Structure formats: structure tokens, C-alpha cells
Amino acid sequence: MSRFVVTATPLPGLMQIQRQPLADARGALTRLFCAQELADAGWHGPIAQINHTHTVQRSTVRGLHYQRPPAAEAKLVSCLHGAVWDVVVDLRAGSPTFLRWYATELSAENHTALLIPPGCAHGFQTLQDHTELLYLHSAPHTPSCEAAVHVSEPQLAIAWPLPIANLSARDAAHTLLPPEFEGIAL
Ligand SMILES: Cc1cn([C@H]2C[C@H](O)[C@@H](COP(=O)(O)OP(=O)(O)O[C@H]3O[C@H](C)C(=O)[C@H](O)[C@H]3O)O2)c(=O)[nH]c1=O
């Protein structure tokens, strides 16, 4: 029996993964990852790194981050505590949804994760204090390949649900996309 319900989104390759906890009188066991089950959803190869973020204040925004080739990465983003409004932006050159974004709520309660394909930027806004996310990365953190899109990028017009708060100095300083930006060649 599959422990995940996989649902496509309007962005090709971006999949919503709903975990299916096995509950009993003691509580529940929830599978967070399965290479075999998630291969069909687009996860290929080993997990290179796992990160955990704790964000203290509601309304905080982190993002919009991605890694360029050769460290372009898939990410599986899960919420372990609290809730986020999670955003993915398609930056893939030639994609039919280039520069379109998709957002959904990830929370400990709804057991929903996003499997984000390479070439997409990721960000989120916390909807509760003390929100914790777990990230599975298919490539190692490679500072020389790190890149980002500004959370207030006019070409995206992301409709953040709350006022943007606690943006890091680094995230506040990301430059805007040039009009001629054609995306990332993967
Ligand atoms: C991403 C990353 C960062 N770092 C170091 C670099 C900095 O010294 C410190 C904080 O990095 P940053 O401000 O980029 O972290 P976040 O803004 O929380 O980025 C996170 O939130 C956004 C929404 C994401 O999608 C990123 O993948 C995710 O890591 O951790 C590491 O050591 N390993 C890593 O994989």
C-alpha cells in the first residue's frame, strides 16, 4: 500500500505529495520519504543532503532560492511543525510555465510536501510561529551555484498572504530579473 498520494500541479514536474500516516492508539507512524515510491513522482538518485529550518515568527519569508547547474537540485520540502505558504517558481528555459508560480499550504496537520524539480526557485512564508521545515536535497549545498529571485520580483507578482517580515539581508538584496531573462538551461 502506497504511503503517499501524489498529485500533479500546473507546473510540469512539481508534485504535491500527501503523506498517509498509519495511526493507532499510541499515535502514528508517517513515512517521510521512499526512493521507490517517489521515483514515479520524479525523485531520482540518492539524497545528497537533508536540512531542517526552524523559523520563529509568523509572517517570515525565506527565498526564493535555487541552485544553478551543475548543482541544480530537486528538493522534497515537508513541514514538521506549524504551517507555511510555500511557493515554487518555474525558471526553466523553454518551460511552458516559465516564470509562473504555484503556491500551497504545507503544514504538520495536512501532511503535504512538495517535490520540486531542478530549475525551480523555492520560498515560503510562515503562517504560524515556530514553524519547522525538512528539506531533502538531491545535490549538495554548493555556494558557487547558489542563486535567487527577489520575493517581490515584479515579473512574478507573488501574492504573499501576510506582510513580508524578517527577510534576511541577503534575501532583501537579491537583484530583480532583467527583462531579457530567458531562464535556466538544465
Ligand atoms: C541552503 C543552505 C544554506 N546553508 C547555510 C548558508 C548560510 O550560512 C545559512 C543560511 O542559509 P540561507 O539563508 O540560504 O538559508 P534559508 O534562507 O533558510 O534557505 C532555506 O530556505 C529556502 C526557502 C530554500 O529553499 C533553501 O533551500 C533553504 O535552505 O545556512 C547550508 O549550510 N546548507 C544549505 O543547504
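Small disclaimer: the values here were computed from a predicted structure and weren't measured. We count ligands from 1, going down the list as the structure has it; atoms in each ligand are counted the same way.
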Rounded to the nearest 0.5 angstrom, the OG1-CD1 distance for Thr7 and Ile17 is 8.0 Å

Aromatic contact between His54 and His130, with the criterion being ring centroids under 6.0 Å apart: yes or no?
yes

Do Ser144 and Thr142 pair up side chain to side chain, a donor and an acceptor below 3.5 Å, judged on atom types alone? no

Rounded to the nearest 0.5 Å, the NE2 atom of His122 sits from the NE2 atom of His65 at a distance of 10.0 Å

Exam field: side chain Trp43 to backbone Lys75, donor-acceptor pair closer than 3.5 Å:
no

- prompt: Are Arg31 and Glu37 ion-paired here, with the side-chain N under 4.0 Å from a carboxylate O?
  reply: yes

Using a cut-off of under 3.5 Å, which N/O atoms of ligand 1 pair up with protein N/O atoms, and what distance separates each pair?
unit_1   : atom_1 : unit_2 : atom_2 : d
ligand 1 : 14 (O) : Arg170 : NH1    : 3.1
ligand 1 : 18 (O) : Arg62  : NH1    : 2.6
ligand 1 : 19 (O) : His65  : ND1    : 3.2
ligand 1 : 21 (O) : Tyr135 : OH     : 3.2
ligand 1 : 25 (O) : Lys75  : NZ     : 2.8
ligand 1 : 25 (O) : His122 : ND1    : 2.8
ligand 1 : 27 (O) : Lys75  : NZ     : 3.1
ligand 1 : 33 (N) : His141 : ND1    : 3.3
ligand 1 : 35 (O) : Asn51  : ND2    : 2.8

